[in-house]
Amino acid sequence: MGELLRNLPHPFPDDRFPEGMGGVVQRTVANGELPALIVIHDDDNDWLIGDGINDPNSYEASGLFHLRHIIDQDPSIEATASLSIGYMAWRGSPGEDWTVEKFDYAEEHNNE
């Protein structure tokens with residue numbers, strides 16, 4: 001797929017992740033072991049996709065991946081491409097609608 005692109009201007013055309021767009025993805029999601037249950041578009045304009053269960057910050061739990069590969073596995077993730085900077089989408093299980101809310105790293109760390 002070529003170069004991994006990050007920090008592309010947002011919103012994306014047609015509310016679809018651009019080809020080559022990269023993000024931080026938990027390996028459990030990238031390898032299909034667990035479904036994507038959380039998508040974050042952080043204040044730095046980075047995209048993060050996680051399983052919502054395991055700690056994404058543990059050693060080698062996450063890596064940089066082309067988002068198109070992840071979306072090919074689960075096309076419902078495409079619905080999160082319209083997330084504004086500083087927001088997250090989450091769901092309880094695959095097939096459920098995404099719930100969107102403000103994301104704050106400080107609040108995330110306070111809940112640990």
Side-chain angles (χ1 to χ4, degrees):
M1 187 166 267
E3 182 182 0
L4 190 118
L5 307 172
R6 296 180 61 202
N7 293 313
L8 296 175
H10 192 264
F12 302 134
D14 301 322
D15 288 332
R16 293 178 48 85
F17 288 101
E19 292 295 324
M21 180 77 194
V24 177
V25 181
Q26 276 186 277
R27 293 183 193 285
T28 53
V29 173
N31 68 22
E33 180 182 336
L34 292 171
L37 298 180
I38 186 167
V39 178
I40 300 168
H41 188 186
D42 73 11
D43 289 333
D44 294 325
N45 196 26
D46 288 322
W47 290 86
L48 306 102
I49 299 177
D51 62 29
I53 298 168
N54 298 296
D55 181 359
N57 300 310
S58 64
Y59 182 69
E60 292 191 0
S62 301
L64 289 175
F65 293 89
H66 282 105
L67 296 185
R68 188 57 46 204
H69 291 304
I70 309 306
I71 294 164
D72 286 347
Q73 294 175 176
D74 181 355
S76 69
I77 296 169
E78 192 85 72
T80 66
S82 62
L83 278 175
S84 297
I85 291 174
Y87 280 79
M88 64 181 271
W90 62 272
R91 60 187 177 177
S93 65
E96 288 186 19
D97 291 336
W98 293 98
T99 299
V100 176
E101 59 188 51
K102 186 86 172 119
F103 176 76
D104 185 337
Y105 280 115
E107 287 179 21
E108 183 76 9
H109 291 297
N110 288 338
N111 291 329
E112 292 178 351

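Residues take their numbers from the sequence shown, with the count starting at 1. Note that the structure is a prediction, hence the values are computed from the model and not measured.
- Considering only heavy atoms from C-beta on, Arg16 comes within 4.5 Å of Arg68 through its side chain.
- Remark: side-chain polar atoms of Asn45 are paired, donor with acceptor, to backbone N or O of Leu8 under 3.5 angstrom.
- Side chains of Met21 and Pro18 form a contact here, defined as non-hydrogen atoms less than 4.5 Å apart.
- Aromatic ring pairs are classed by plane angle as parallel below 30°, tilted from 30° to 60° and perpendicular above 60°; the pair Phe12 and His41 is parallel.
- Checked by atom type and distance alone, the side chain of Glu101 never pairs as donor or acceptor with a backbone atom of Met88 at under 3.5 Å.
- Here the shortest heavy-atom pairing between Gly22 and Leu4 reads CA-CG, 3.6 Å.
- Atom CD of residue Glu78 and atom CG of residue Asp72 lie 9.5 Å apart, to the nearest 0.5 angstrom.
- How far CD1 of Ile49 is from CG of Leu37: 11.5 Å, rounded to the nearest 0.5 Å.
- Checking side-chain atoms of His66 against main-chain N and O of Leu5 turns up no donor-acceptor pair under 3.5 Å.
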Discussion item. Set out, in order, the CA-CA distance, both residues' side-chain angles and the distance that settles side chain to side chain contact (heavy atoms under 4.5 Å, CB included) for Asp43 and Phe103, then state yes or no.
Written reply: CA-CA 9 Å; Asp43 289 333; Phe103 176 76; over 6 Å; no

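- Closest non-hydrogen pair, Ser82 versus Asp15, comes out as CB-OD1, 3.6 Å.
- Between Val25 and His69 there is no side-chain heavy-atom pair separated by less than 4.5 Å.
- Judged by distance alone, the side chain of Ser62 and the main-chain N or O of Val24 form no donor-acceptor pair under 3.5 Å.
- Looking only at distances, a side-chain donor or acceptor of Asp42 sits under 3.5 Å from a matching main-chain atom of Asp44.
- We find the CZ-CG distance between Arg27 and Leu34 to be 14.5 Å, quoted to the nearest 0.5 Å.
- Nearest heavy-atom pair across Gly52 and Ile38 is N-CG2, 4.0 Å.
- Once rounded to the nearest 0.5 Å, the distance linking CZ of Phe17 with NE2 of His10 reads 7.0 Å.
- The two residues Ala61 and Pro56 make their nearest non-hydrogen contact at CB-O, 3.8 Å.
- Taken from CH2 in Trp47 to OG1 in Thr80, the straight-line distance is 5.5 Å, to the nearest 0.5 Å.
- In this structure a side-chain-to-backbone donor-acceptor pair under 3.5 Å is present from Trp98 to Ser76.
- Here the options are Val100, Leu67, Leu48, Leu83, the test is side chain to side chain contact (heavy atoms under 4.5 Å, CB included), and the partner is Val39; only Leu83 passes.
- The only member of Asp74, Asp51, Asp97 that meets salt bridge (charged side-chain N to carboxylate O under 4.0 Å, His left out) when paired with Arg91 is Asp74.
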Fill in: Asn7/Asp46 under side chain to side chain contact (heavy atoms under 4.5 Å, CB included): CA gap, chis, key distance, verdict
CA-CA 6 Å; Asn7 293 313; Asp46 288 322; 3.5 Å; yes

